[in-house]
Amino acid sequence: MQKIKKVLIANRGEIALRILRTLKAAGIPGVVMYHRVDRGAPAVREAEETYLIEGETPVAAYLDIENILAACRTTGANAVHPGYGFLAENAPFAKALAEADVIFIGPTADVIELMGDKVSARKFVEARGFPVAPSAIEEDDPATFVERVAKVGFPVLIKPAAGGGGKGMRVVYDGANLAEEVERGRREGERYFADGRLFAERFIENPRHIEVQVFGDQHGNYVHFWERECSIQRRFQKIIEETPSPALSPEQRQEICTAAVGIAEAVGYQGAGTVEFIYAPTGEFYFLEMNTRLQVEHPVTEMVTGYDLVYEQLRVAAGEALNYTQADITQTGHSIECRICAEDADADFAPAIGKLLKVREPVGPGIRVDSGVIEGQDVTTAFDPMLSKLIVYARDRQQCITRTQQALRDYVLLGVTTNTAYLDKILSHSDFISGDVHTGFLAEQADVLKQNLSQDTLDFLLSAAALTDEQLCNAVAEIPELYAAMGHWRN
Amino acid sequence: MQRIRSAIRTQSESYLANKAHNEKVFTAFRERQERARYVRPERELARLARQGKMTGRQRVEMLLDPGTPFLEFSSLAACEDYDGEIPGANVISGIGIVSGREVVIHADDNSMKGGAWYPRSTQKIIRALDIAIENRLPVIHICDSAGGYLEDMAGVFVKGGRVFRNQCILSKMNIPQVAIVCGNCTAGGAYIPGLCDYAIIVRGMGAVFLGGPPLVKAATGEEVTVEALGGADMHTSISGTVDYPVDSEEQGIAMAREIVGQFRQPTKAYHPQATEAPYYDPEELFGILPSDIKVQFDMREVIARIVDGSRFHEYQPAYGKTLVCGYAHIWGYKVGILGNNGVLFNDSSLKAAHFISLCNQNGTPLVFLQNTTGYMIGREYEEKGITKDGAKMLMAQAGSEVPKFTVLTNSSFGAGYYGMCGRAWDPRFLWCWPNAEMGVMGAEQAARTLGDVKLAQLKRANPDVSEEEVAVLRQRVKEKAERETSAYFATSRMWDDGILMPTDTRNALAIALSVAANAPLANPSYGVFRM
Amino acid sequence: MKREFVIGSESYDVLLNKALGEYHLDVGDRQLAIQAEEIGSGEYFIYVDGRKQRAFVAVDDENTYIHMEGKAVTIQRIDPFEKIMGGDGADGSGSSLLAPMPGTVISVNCEPGQQVSEGDVLMVIESMKLETTVAAPREGIVEQVNFSAGDTFDQKALLVSLQAEEE
Amino acid sequence: MRRIVSNISTQSHEFKENQADMARVLNEFRQLQQKARYTRPERDMQRLNKQKKLFVRDRLELLLDPGTPFLEFSSLAAHYAYEGTVPGAAVVTGIGLVSGREVMVIAGDASVKGGAWYPLTVKKMVRALDIAIENRLPVIHICDSAGGFLPLQSGVFPDRFAAGRIFRNQVQLSKMNIPQIAIVCGHCTAGGAYVPALSDYNIIVRGTGAIFLGGPPLVKAATGEVVTVEALGGCDMHTTTSGTADYPADNEPQAFAIARDIAAQFRKPKKQVIETAPVEAPYYDPEELYGIIPMDRKTQYDVREVIARIVDGSRFHEYQPAYGKTLVCGYAHIWGYKVGILGNNGVLFNDSAKKAAHFIQLCNQNKTPLVFLQNITGYMVGRTYEEEGITKDGAKMLMAQGGSVVPKFTVIIGGSFGAGNYGMCGRAWDARVLFMWPKAEIGVMGAEQAANTLVDIKTRQMQKEGITLSEKDIEAIRTPIMESYERDLSAYYSTSELWDDGILDPADTRNALGMSIACSLNAQIDDQSYGVFRF
């Protein structure tokens with residue numbers, strides 16, 4: 001990897017740390033850039049070299065291409081790892097780096113451009129014979145878009161042409177307020193992605209979301225690292241991912257993975273990418289989109305295959321060839337990832353803020369925590385509410401579930417409301433255990449998944465709260481023993 | 001010290017009218033006092049003669065050093081209780097001189113109902129003992145009582161214990177007591193000699209026992225004579241409960257005088273200077289006090305007729321003029337005087353608080369001459385904080401370490417009575433003049449307010465009330481209000497230490513000042529003044 | 001001593017006392033014998049009527065965060081007496097804003113009929129070479145403004161009045 | 001310390017009979033107390049409601065530390081007075097905890113005649129303040145009174161222990177550096193205005209509280225000025241203009257919260273150190289007292305059985321167990337506090353009186369508070385005892401008891417007759433508190449004896465006038481006298497007149513004493529000193 005001398009990590013949180021760790025292990029110097037609000041974050045603390053960036057908002061700072069170019073110039077980094085989110089799938093960014101002679105650790109700009117645009121990606125894939133759901137693309141004829149959407153058939157899913165991560169997506173069940181929803185979707189697209197173009201496709205009831213990790217090098221080699229099941233979503237965002245998918249038979253698995261590699265090959269994909277599919281209860285699957293970057297949930301793949309995907313990205317970016325074949329990549333055991341988010345699951349996933357007063361990560365066989373926070377850190381609404389990821393590996397799914405549950409229970413995060421208990425609740429659900437889930441599962445089971453406290457637990461909680469309330473205990477200590485012993489006595 | 005210049009013209013019409021009115025008031029008082037002291041039913045006196053006993057009053061006279069004063073307390077106690085049948089509440093008490101020592105004397109008045117103790121009797125004894133405690137005066141008890149008045153035992157018993165409790169406290173304070181047992185001391189009464197340092201018993205007349213012969217018989221069946229059970233010889237030779245046997249009351253009194261002669265003379269906290277008679281004749285007070293309680297008079301005129309040489313150093317003469325404050329001497333004793341000259345305003349209250357603090361600072365006893373209808377009311381004064389200014393006066397007054405003496409010269413109404421050291425505020429002595437009135441409000445106002453309330457009640461019950469009925473009701477309420485605000489009503493209940501002739505005030509205060517000096521003065525200290 | 005503990009939308013009134021060395025917690029009409037043993041920083045054994053639980057506890061000004069039985073619960077703590085206290089009443093919910101001393105009006109920042117919130121600056125005055133803001137003591141509607149900028153006023157002059165509160 | 005071995009059989013017929021009788025008596029007591037505390041005419045409660053005022057009992061609960069005791073005094077004061085129309089004498093007094101501090105609470109009860117001060121109201125308030133002075137207890141006044149009850153003004157106003165004494169006592173407390181808080185929830189008019197003014201801290205409730213020497217009607221009558229309550233003496237006037245009141249409060253709950261905050265600023269008292277031991281509940285159930293106290297007051301019973309149900313672990317170190325056996329003396333602990341107990345087991349003889357004098361001196365020397373359990377018909381009469389000097393031996397006991405510097409506590413558990421009442425620290429002897437059990441009686445002599453004596457006198461008078469009375473005539477004279485005496489002897493009459501600090505359920509005695517002892521230790525105990533003992 002002589003070509004890569006120093007890598008700038010153009011991201012934050014857990015992924016910045018995760019990339020840094022691989023760099024360190026590979027002996028490649030890494031630079032962590034950060035905004036002031038992240039100055040206490042673990043990646044910043046662990047980095048040997050850091051670079052302070054500024055922006056109108058913290059998010060804007062991380063999205064500012066100039067910042068990154070300047071950072072490379074200043075630090076002498078000749079490669080940039082974008083992580084996921086922010087500028088990871090931004091073609092102009094990849095272009096700008098190329099112009100500055102900095103290696104972008106990811107696919108080429110034109111591939112990003114092609115696949116990053118849902119509409120063009122879809123057309124491209126469809127044209128090459130891969131399965132795609134009925135759809136309407138605004139760009140084709142913006143004037144008739146609403147009518148064409150209606151023709152796709154309800155329910156229909158409207159989403160921004162650019163974008164991902166579920167932002168700005170909406171399901172419309174009938175034509176009554178379709179125009180209005182379209183307009184709203186456009187506004188959100190503009191707001192999130194500075195791109196108001198929309199795209200609509202048939203909404204498949206109770207679908208699963210299954211994706212395949214693919215990899216390509218600069219030498220025409222393409223492999224997949226098997227699938228990931230990502231059906232557990234709240235507000236269109238994944239919170240539990242696992243592999244292998246409990247839904248697929250070996251044949252189906254083979255079919256879907258082969259299709260994914262085919263698409264990667266078709267676009268000449270370089271580096272790590274993910275091809276996402278909608279998997280209907282009937283067994284059909286449709287191409288959904290391709291994410292031209294590392295995924296949040298990539299660790300489950302690492303767990304069952306044994307590969308360090310970031311390391312592989314570096315190698316590909318450095319121009320090295322994949323030194324393994326598809327046959328070398330085997331799926332062993334089972335892995336589940338839980339996204340630990342600062343949010344109140346019982347209050348419609350309202351983002352939670354506060355100071356992390358106590359953090360204690362779970363440990364044990366098969367447990368991996370990719371965390372972006374440490375004790376004492378303030379959690380704000382400046383960024384995504386995800387604090388860390390808990391990734392668990394076990395020989396089989398059943399053991400993996402119970403191991404994950406135990407790890408969630410052992411995961412102490414105090415000061416900010418998190419979803420650990422909610423995740424635990426999901427893992428306890430009989431439908432989850434039997435693997436019988438779909439992307440609407442959480443919404444459908446919301447009531448079942450609400451927390452409830454037994455009388456016994458409540459007693460302990462109130463007792464703990466009372467006994468650790470210093471002011472209360474001081475006030476109690478003010479009461480002379482005699483009177484306390486008599487209690488509410490009246491003569 | 002400057003002499004007060006009296007503005008009184010003794011030939012003026014108002015002076016003469018006042019004098020005529022007051023002479024009637026004062027004569028009535030004197031007559032009432034004489035009756036209480038000396039007039040007794042024939043059979044009571046005959047009984048005493050039969051028993052060979054002196055009256056209580058005769059005993060007191062014999063006990064005192066000849067030619068010396070006796071400051072009697074509450075001579076008209078109980079005068080409006082028990083249908084007026086228990087003169088002086090069957091107890092004679094006061095301060096006198098015995099063998100050159102100031103002492104408190106408590107003598108049972110055996111000339112009515114055998115000297116039985118009524119609730120007011122024990123109250124009067126307790127007050128005398130309180131005076132002894134406060135002023136560290138030795139006490140001589142002349143015991144001759146039939147015991148607690150059974151029909152009102154509830155009123156006597158529980159509170160009566162204070163007599164004996166006070167005796168223990170006196171003993172603990174190293175203040176000696178002598179008992180002369182001239183009659184039976186039964187039940188609780190037995191503890192009077194029992195708790196005295198010195199007890200004398202008259203042979204054949206005195207007896208001390210917890211239960212007399214009838215009670216013993218009822219309780220155990222034992223039959224025993226008075227003498228054997230608790231007579232002079234038994235107690236002085238066998239039980240040791242009594243110390244000195246004597247053959248007669250006269251001998252007993254002589255023995256008591258000899259005992260008192262052994263007492264250590266007290267160390268006085270302050271001493272008098274050379275004295276001077278008032279320049280203005282105290283008798284002129286008769287013409288100064290108005291015939292109508294609502295008419296204002298200048299308290300300086302009263303001061304001029306009480307203090308030495310009528311000399312008065314007035315403090316802050318131009319400020320808070322409704323309260324006269326200043327220094328003077330009474331029989332040579334320096335005093336700070338506070339006298340009302342109208343309603344108490346914010347400034348008068350502040351002046352009082354200041355002057356009282358001064359007197360505490362320089363160890364000057366305080367004399368309060370009350371003629372007050374209270375503190376000023378109304379928006380302006382409330383806004384200025386009349387309540388907290390009044391509170392300052394109360395805080396200084398009640399926090400005083402110097403002895404305080406109060407004389408109710410005319411009206412004493414509302415909170416003014418409190419501020420000017422009313423009964424609850426522990427003046428060493430408090431006297432009323434015969435014309436004085438006291439109460440929450442004046443009789444007239446009280447009658448009006450209460451009359452309105454009663455009338456409203458009456459009208460609710462019977463809407464057709466006749467004019468006559470209304471008049472009768474009003475009259476009844478008025479009479480009751482007048483009676484209850486009078487000095488006699490007060491003195492009967494011992495809200496004071498007796499009614500005093502205005503002309504006697506100077507002497508009474510001097511004796512009080514002298515005995516008060518027996519207790520040491522503490523350094524000034526106060527609570528928190530609400531500024 | 002009492003606390004109101006709020007968990008989610010539920011509120012629990014508890015009373016803690018310590019008698020003869022033992023803590024007791026009254027919850028409703030039940031009384032629990034309770035005890036806490038700190039076994040590490042922020043880590044406790046909690047005993048309730050002899051039963052034991054391990055708990056991690058963190059506390060900030062308003063809330064107590066407890067991790068117990070595998071889940072974290074946020075408990076809001078309310079001192080009922082402090083709750084009653086609310087504002088100290090010192091500025092009062094009075095309606096009349098009187099001049100604290102004589103002075104000059106610098107600016108008038110409200111007009112009659114205007115809705116104001118507690119703390120809104122109604123007027124700026126100057127006296128003794130100091131500028132002072134006259135703030136609304138409570139929420140309400142301005143009734144009267146008695147001075148304009150440049151006017152002088154005496155001590156206790158009524159500067160601004162608010163409409164009386166509805167009963 | 002050894003445990004008392006009880007000889008009571010809770011299964012015995014006698015026990016059960018006594019228990020049933022006590023159940024009846026206690027039931028009556030509790031009903032009376034409940035009524036005095038809570039039963040009010042509908043219109044009075046409506047009036048309070050309309051004025052947005054809280055009921056006095058609710059005010060107390062807002063003020064006191066939650067889950068702590070309140071030792072109420074004289075809940076049945078004025079029970080027999082004013083035709084029973086002034087329950088509790090229209091004021092609630094007692095010791096409770098506020099912000100962990102022991103305080104005396106004096107709360108006007110505006111639900112009774114607008115909280116007007118009757119003579120017994122004043123007596124109860126003065127008594128509460130005396131307790132505060134003796135025990136150095138901060139005082140919290142809750143003021144809500146219509147003022148002195150005018151028709152009885154002579155009983156309220158002038159005497160030494162009348163209303164003036166309230167203010168005089170307030171000044172003494174201030175002088176002694178004992179803080180006071182007044183919470184002005186209603187009007188404080190005339191003298192009443194001084195209650196807040198003489199308090200170190202006062203709080204006034206906006207809209208309902210007012211302080212003035214003369215209210216609007218009086219002002220109008222006196223000067224013609226027409227002025228509103230608020231302008232004359234309302235919250236804002238006094239807290240901003242006159243400075244007579246310190247803290248404005250928007251409502252009563254807030255006022256009480258402020259008071260609690262103020263109390264939290266009080267310096268904690270330095271307690272007199274006495275011997276203590278770890279607290280232990282009585283080994284014998286205090287409720288067994290119900291079956292121990294005989295139905296007939298005249299039946300003798302062993303006071304040790306009472307002690308065993310009051311003291312820690314029922315443990316008692318008996319002093320001189322073989323001498324003067326009609327008086328039981330010894331050490332025990334109550335709520336951990338070491339006390340010396342004197343309990344009657346019969347008439348006081350010479351030896352019992354001397355034993356008492358000796359034991360009291362011991363307790364004074366080692367600073368051990370004294371508890372007197374009165375069940376006494378008096379000192380022994382008769383020639384033998386007089387010759388032995390029963391009076392001077394009794395006087396020794398009085399001298400030791402009256403001269404005591406340690407705090408004294410008296411509970412009248414049975415009869416309290418004659419000089420026995422005095423010797424065993426009756427009301428006049430400055431017990432810090434004095435309680436009665438519901439069946440207790442107090443008087444010079446028993447009702448029967450008194451009635452007989454009076455009937456004797458009457459009969460002799462009639463005989464002198466030549467009239468002979470038949471048995472029936474005598475009964476007709478005797479019966480009403482008996483009835484009136486019995487009433488006057490009863491605990492209810494005593495408590496009505498405030499001769500005690502309240503009637504206690506016997507099972508409450510331990511707590512009442514525990515609190516009283518704890519409070520008494522706020523005052524330091526002097527070195528011992530006595531008067532002269534007559535030997």
Side-chain angles (χ1 to χ4, degrees), chain B residues 148 150 153-154 157-158 161-162 164-165 168 171-172 187-188 190-191 194-195 197 208-211 215-216 219-220 222 224 228-230 234 238-241 375 377-379 382-383 385-388 391 394-395 398-399 415 418 422-425 438-440 450 484 495 525-528 530, chain D residues 148 150-151 153-154 157-160 162 164-165 167-168 171 174-175 191 193-194 197-198 200 211-214 218-219 222-223 225 227 231-233 241-244 379 381-383 386-387 389-392 395 398-399 402-403 418-419 422 426-429 443-444 488 499 529-532:
Chain B
L150 213 52
M153 85 175 185
F157 176 62
V158 176
R162 199 77 176 175
F164 315 110
R165 177 265 182 195
C168 292
S171 182
K172 182 168 165 151
Y191 283 117
L195 290 168
D197 301 323
V208 177
F209 27 57
L210 287 184
L215 188 71
V216 170
T220 67
E222 183 185 17
V224 60
L229 188 62
M234 194 290 276
I238 299 174
S239 80
T241 306
Y375 290 84
I377 58 172
R379 181 169 179 167
E382 295 288 356
E383 285 190 350
I386 184 74
T387 308
K388 71 173 183 172
L394 290 179
M395 195 60 83
Y418 294 159
R423 188 61 153 180
W425 302 79
M438 68 198 305
V440 170
L450 265 180
E484 293 192 352
W495 296 341
S525 92
Y526 302 94
V528 176
R530 179 167 285 277
Chain D
L150 210 53
Q153 71 92 17
S154 67
F157 178 68
D159 202 0
R160 187 168 187 194
R165 199 72 177 182
F167 316 119
R168 176 268 184 193
V171 173
S174 184
K175 185 167 165 152
Y194 285 119
L198 290 169
D200 299 323
I211 304 170
F212 25 57
L213 287 184
L218 192 67
V219 170
T223 65
E225 183 184 15
V227 59
L232 186 62
T241 306
S242 80
T244 305
Y379 290 85
V381 296
R383 180 166 178 172
E386 294 291 355
E387 286 187 355
I390 185 74
T391 307
K392 71 172 186 177
L398 289 182
M399 198 58 88
Y422 301 161
R427 189 59 154 182
W429 298 79
V444 173
D488 287 4
W499 293 345
S529 88
Y530 303 95
V532 176

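For clarity, every value in this text was computed on a predicted model and none was experimentally measured. Chain letters run A, B, ... following the sequence lines, proteins first and then strands; every chain starts at 1.
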Original post:
Pick from D:Gly214, D:Ala222, D:Gly148: which one has the most heavy-atom pairs with chain B under 4.5 Å?
Top reply: D:Gly214

Original post:
For B:Tyr526, is it the side chain, the backbone, both or neither that has a heavy atom under 4.5 Å from a heavy atom of chain D?
Top reply: backbone

Subject >> Option in D:Gly243, D:Ala162, D:Gly426, D:Ala193 with maximal non-hydrogen atom pairs under 4.5 Å from chain B >> reply: D:Gly243

Subject >> Winner by heavy-atom pair count (cut-off under 4.5 Å) against chain D, out of B:Lys172, B:Arg162, B:Arg423 >> reply: B:Lys172

**OP:** Considering non-hydrogen atoms only, spot the tightest contact between B:Ser171 and D:Gly531 and give its length.
**Re:** OG-CA, 2.9 Å

Original post:
Which region of D:Val227, side chain (C-beta onward) or backbone (N, CA, C, O), has a non-hydrogen atom less than 4.5 Å from a non-hydrogen atom of chain B, or is it both or neither?
Top reply: side chain

Original post:
Taking atom CG of D:Asp488 and atom CZ of B:Phe157, what is their separation to the nearest 0.5 Å?
Top reply: 13.0 Å

**OP:** Over all heavy atoms of both residues, which pair between B:Met438 and D:Pro158 is shortest? Give the atoms and the distance, please.
**Re:** CE-CB, 3.7 Å

Original post:
Where is the tightest heavy-atom contact between B:Ala424 and D:Gly164, given as atom of each residue plus distance?
Top reply: CB-C, 3.3 Å

Subject >> Aromatic centroids of D:Phe157 and B:Tyr418 separated by under 6.0 Å >> reply: yes

Original post:
Do you know which of B:Val224, B:Leu210, B:Ile238 has the most heavy-atom pairs with chain D at a distance under 4.5 angstrom?
Top reply: B:Leu210

Subject >> Heavy-atom contact with chain D under 4.5 Å, split by part of B:Val158 >> reply: both

Original post:
So which of D:Leu213, D:Thr241, D:Val381, D:Val219 has the largest heavy-atom pair count under 4.5 angstrom toward chain B?
Top reply: D:Leu213

Original post:
Any side-chain heavy atom of D:Phe212 sitting closer than 4.5 Å to one from B:Thr387?
Top reply: no

**OP:** Identify which part of D:Tyr422 has an atom lying under 4.5 Å from any heavy atom of chain B, answering side chain, backbone, both or neither.
**Re:** side chain

Subject >> Under 4.5 Å from a heavy atom of chain D, the part of B:Met234 involved >> reply: side chain

Subject >> Side chains of B:Ile386 and B:Ile377 in contact at under 4.5 Å (non-hydrogen atoms) >> reply: no

**OP:** Between chain B and each of D:Gly402, D:Gly191, D:Gly418, D:Gly233, count heavy-atom pairs under 4.5 Å; write down the option with the most.
**Re:** D:Gly418

Original post:
Which answer fits B:Ala190, side chain, backbone, both or neither, if we ask what part of it has an atom under 4.5 Å from a heavy atom of chain D?
Top reply: both

**OP:** Give the member of D:Glu225, D:Gln153, D:Arg383, D:Lys175 that has the highest number of heavy-atom pairs under 4.5 Å with chain B.
**Re:** D:Lys175

**OP:** With the side chain counted from C-beta on, respond yes when D:Glu386 and D:Thr391 share a heavy-atom pair under 4.5 Å apart, and no when they do not.
**Re:** yes

**OP:** Could you check which of B:Gly240, B:Ala415, B:Gly148 has the highest count of heavy-atom pairs closer than 4.5 Å to chain D?
**Re:** B:Gly240

**OP:** Under 4.5 Å, counting heavy-atom pairs only, tell me which of D:Leu232, D:Asp159, D:Thr223, D:Leu218 racks up the most with chain B.
**Re:** D:Asp159

Original post:
Where does B:Thr241 contact chain D at under 4.5 Å (heavy atoms): side chain, backbone, both or neither?
Top reply: both

Original post:
What distance separates B:Trp425 CH2 from D:Arg165 CZ, expressed to the nearest 0.5 Å?
Top reply: 9.5 Å

**OP:** Give the minimum heavy-atom separation between D:Ser154 and B:Glu484, together with the two atoms involved.
**Re:** OG-OE1, 3.6 Å

Original post:
Which bit of B:Glu383 comes within less than 4.5 Å of chain D, counting heavy atoms only: side chain, backbone, both or neither?
Top reply: both

Original post:
Between B:Ala398 and D:Val171, which heavy-atom pair has the shortest distance, and what is it?
Top reply: CB-CG1, 3.3 Å

